[in-house]
Trainee: 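Take this structure, written in structure tokens, and hold onto it; I'll ask about it next.
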Amino acid sequence: MKADPVEPARIVVLISGSGSNMLAIAEACAKQDIDGEILAVISNKPDAQGLDKAKEAGIVTQVVDHKDYGTREEFDAHLMRAIDEYTPDAVVLAGFMRILTPDFVRRYKGKLLNIHPSLLPKYKGLSTHQRAIDAGDKEHGVTVHFVTEDLDGGPNILQAVVPVHESDDAEALRLRIQAQEHIIYPIGVKWFIEGRLQLSKGDVYFDDKLLPESGIRLNSDA
Ligand code: GRF
């Protein structure tokens, strides 16, 4: 939720890769669908393509390279310092491929969001699309969730459900799911910025109503 109801919300986005979700959120901010501004995009990888996308969109970028630090704790301490320069209302993980320390998660708890390419709690971790295909799942999807100390543990805010076709390989499924990511992540960030989402004792409330474990589910025919 915004610290100042007049100023646009202050958002910091963390990336490691292509930054397409970051861009979807930046575009929603530019269109004022989200009453917020991405003040900085921070990457742990100096060659992340998303850094170029952010620069092209006129957003400040910064690299905190995990390879420069001996331990996870040291890296996270520097990352927190970099983030705190911007006094963010929301810290948005968008393809940020680092496991975060409990200290980091606690610091931003309640304003730390992530997107994970599965219908959590199913398929935490990596290779989610292949795992859904291998399991013969008829549906798969993507989840926007608050981040807690439990890795990919939710709790869930919003999911997009996508049918799995007989002909799908992991790449085909990934592409259809990513199209949904670009729809639901800006929605999740918008709701958060508007103060409609609350994390309380591990549960998510939307407009003061407790959400089910899945979060709000949107179906896609894609
Ligand atoms: C997305 O598939 C997201 O679900 C996962 O990492 C990927 C990031 O893609 N957490 P991008 O960098 O936003 O293009």
Side-chain angles (χ1 to χ4, degrees), residues 11-30 34 38 40-57 59 61-66 79 90-100 104-105 108 112-133 137 139-148 150-162 164 168-190 192 214-218 220 222:
I11 303 169
V12 170
V13 181
L14 304 189
I15 63 164
S16 302
S18 80
S20 66
N21 281 284
M22 175 278 298
L23 204 56
I25 293 164
E27 282 166 2
C29 290
I34 296 174
I38 301 180
V41 170
I42 303 176
S43 172
N44 66 307
K45 291 201 170 179
D47 58 351
Q49 286 170 19
L51 289 170
D52 295 330
K53 291 191 179 115
K55 283 180 202 148
E56 275 164 35
I59 301 169
T61 62
Q62 202 170 327
V63 174
V64 183
D65 188 341
H66 62 277
L79 186 58
V91 178
V92 173
L93 307 179
F96 186 66
M97 303 302 284
R98 298 292 302 170
I99 293 171
L100 298 163
F104 184 100
V105 174
Y108 303 111
L112 186 57
L113 304 179
N114 186 39
I115 189 157
H116 181 79
S118 77
L119 297 173
L120 289 174
K122 256 189 160 179
Y123 308 131
K124 299 176 180 185
L126 300 174
S127 308
T128 56
H129 309 316
Q130 192 59 53
R131 286 157 71 198
I133 290 171
D137 290 357
E139 57 179 32
H140 182 44
V142 56
T143 305
V144 174
H145 65 96
F146 277 112
V147 178
T148 61
D150 181 11
L151 180 70
D152 294 335
N156 296 351
I157 294 168
L158 183 61
Q159 292 186 323
V161 183
V162 170
V164 181
D168 272 339
D169 60 12
E171 180 59 10
L173 197 49
R174 185 188 73 78
L175 287 173
R176 292 210 315 285
I177 284 184
Q178 200 152 49
Q180 297 303 310
E181 296 182 0
H182 300 159
I183 296 170
I184 69 166
Y185 212 1
I187 293 175
V189 172
K190 175 183 168 72
F192 178 73
S214 64
I216 293 170
R217 275 196 152 197
L218 304 176
S220 151

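Every number for a ligand or one of its atoms is a count from 1 in the order of the listing. This structure is a prediction, so every number in the text was calculated from the model and none was measured.
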Trainee: Of all the non-hydrogen atoms in the protein, which one sits nearest to atom 12 (O) of ligand 1, and at what distance?
Mentor: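 That would be Gly19 N, 2.8 Å.
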
Trainee: Which of these passes side chain to side chain contact (heavy atoms under 4.5 Å, CB included) with Leu93: Leu100, Val13, Ile15, Asn21?
Mentor: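 Going through the options one by one, the only one that passes is Leu100.
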
Trainee: Need the ligand 1 atom indices (1-based, order shown) with element for anything under 4.0 Å from a heavy-atom of Gln178.
Mentor: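 The atoms of ligand 1 under 4.0 Å from a heavy atom of Gln178 are 1 (C), 2 (O), 9 (O), 11 (P), 14 (O).
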
Trainee: Where is the tightest heavy-atom contact between Asp152 and Leu120, given as atom of each residue plus distance?
Mentor: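 For Asp152 versus Leu120, the nearest heavy atoms are O-CD2, 3.4 Å.
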
Trainee: May I ask you to check whether Met22 has an N/O atom sitting below 3.5 Å from an N/O atom of ligand 1?
Mentor: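 N/O-N/O distance under 3.5 Å: no.
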
Trainee: Which atoms of ligand 1 sit under 4.0 Å from any heavy atom of Glu181?
Mentor: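 Every atom of ligand 1 under 4.0 Å from some heavy atom of Glu181: 1 (C), 2 (O), 3 (C), 4 (O).
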
Trainee: Polar-atom distance check: Asn114 versus ligand 1, any N or O pair below 3.5 Å?
Mentor: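 So ligand 1 has no N or O lying under 3.5 Å from an N or O of Asn114.
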
Trainee: Do you know the tightest heavy-atom contact between Leu51 and Ser43?
Mentor: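 Closest approach of Leu51 to Ser43, heavy atoms only: CD2-CB, 3.8 Å.
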
Trainee: Considering non-hydrogen atoms of the protein only, which is the closest contact for atom 10 (N) of ligand 1, and what is the distance?
Mentor: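 Here the nearest protein heavy atom works out to Ile115 O, 2.9 Å.
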
Trainee: Just verifying a value: how many Å separate Lys122 NZ and His116 NE2, rounded to the nearest 0.5 Å?
Mentor: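 Nearest 0.5 Å value for the NZ-NE2 distance: 12.0 Å.
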
Trainee: Output yes when the distance from some N or O of ligand 1 to some N or O of His116 is under 3.5 Å, and no in every other case.
Mentor: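 No, His116 has no N/O under 3.5 Å of an N/O on ligand 1.
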
Trainee: For ligand 1, is there an atom lying under 4.0 Å from some heavy atom of Val142?
Mentor: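 Val142 does not count as a contact of ligand 1 under the 4.0 Å cut-off.
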
Trainee: Which of the numbered atoms in ligand 1 are below 4.0 angstrom from a heavy atom of Ser20?
Mentor: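 Once the distances to Ser20 are compared, the set is 11 (P), 12 (O), 13 (O), 14 (O).
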
Trainee: Which residue in the set His145, Gln180, Arg217 passes side-chain hydrogen bond (donor to acceptor under 3.5 Å, both in side chains) when paired with Gln159?
Mentor: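 The single option meeting the side-chain hydrogen bond (donor to acceptor under 3.5 Å, both in side chains) with Gln159 is Arg217.
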
Trainee: Is there at least one pair of N or O atoms, one from Gly17 and one from ligand 1, spaced under 3.5 Å apart?
Mentor: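 N/O-N/O distance below 3.5 Å does not exist for this pair.
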
Trainee: Stepwise, does the side-chain hydrogen bond (donor to acceptor under 3.5 Å, both in side chains) test hold for Asn114 with Tyr185?
Mentor: CA-CA 9 Å; Asn114 186 39; Tyr185 212 1; 4.8 Å; no

Trainee: Return the closest protein heavy atom for atom 8 (C) of ligand 1 as residue, atom name and distance.
Mentor: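 In this structure, atom 8 (C) of ligand 1 has Gly95 CA, 3.5 Å as its nearest protein heavy atom.
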
Trainee: Going by the side chain to side chain contact (heavy atoms under 4.5 Å, CB included) test, name the single residue among Leu79, Val64, Leu14, Asn44 that passes it with Arg98.
Mentor: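 In the set Leu79, Val64, Leu14, Asn44, the residue that makes a side chain to side chain contact (heavy atoms under 4.5 Å, CB included) with Arg98 is Asn44.
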
Trainee: Knowing that exactly one of Val189, Val147, Ile25 qualifies, which makes a side chain to side chain contact (heavy atoms under 4.5 Å, CB included) with Leu113?
Mentor: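 Testing Leu113 for a side chain to side chain contact (heavy atoms under 4.5 Å, CB included) against Val189, Val147, Ile25 leaves exactly one candidate, Val189.
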
Trainee: Side chains of Phe192 and Ile157: does their closest heavy-atom pair fall under 4.5 Å?
Mentor: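 Contact flag for Phe192/Ile157 side chains = no.
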
Trainee: Looking only at heavy atoms of Gly50, does any of them come nearer than 4.0 Å to an atom of ligand 1?
Mentor: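 No, Gly50 has no heavy atoms under 4.0 Å from ligand 1.
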
Trainee: Measure Arg174 to ligand 1 on non-hydrogen atoms and call it side chain, backbone, both or neither using the 4.0 Å cut-off.
Mentor: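 Arg174 to ligand 1: no contact under 4.0 Å from either part.
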
Trainee: Checking contacts here: is it the side chain or the backbone of Met97 that comes within 4.0 Å of ligand 1, counting heavy atoms only? Could be both or neither.
Mentor: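 Within the 4.0 Å criterion, Met97 makes no contact with ligand 1.
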
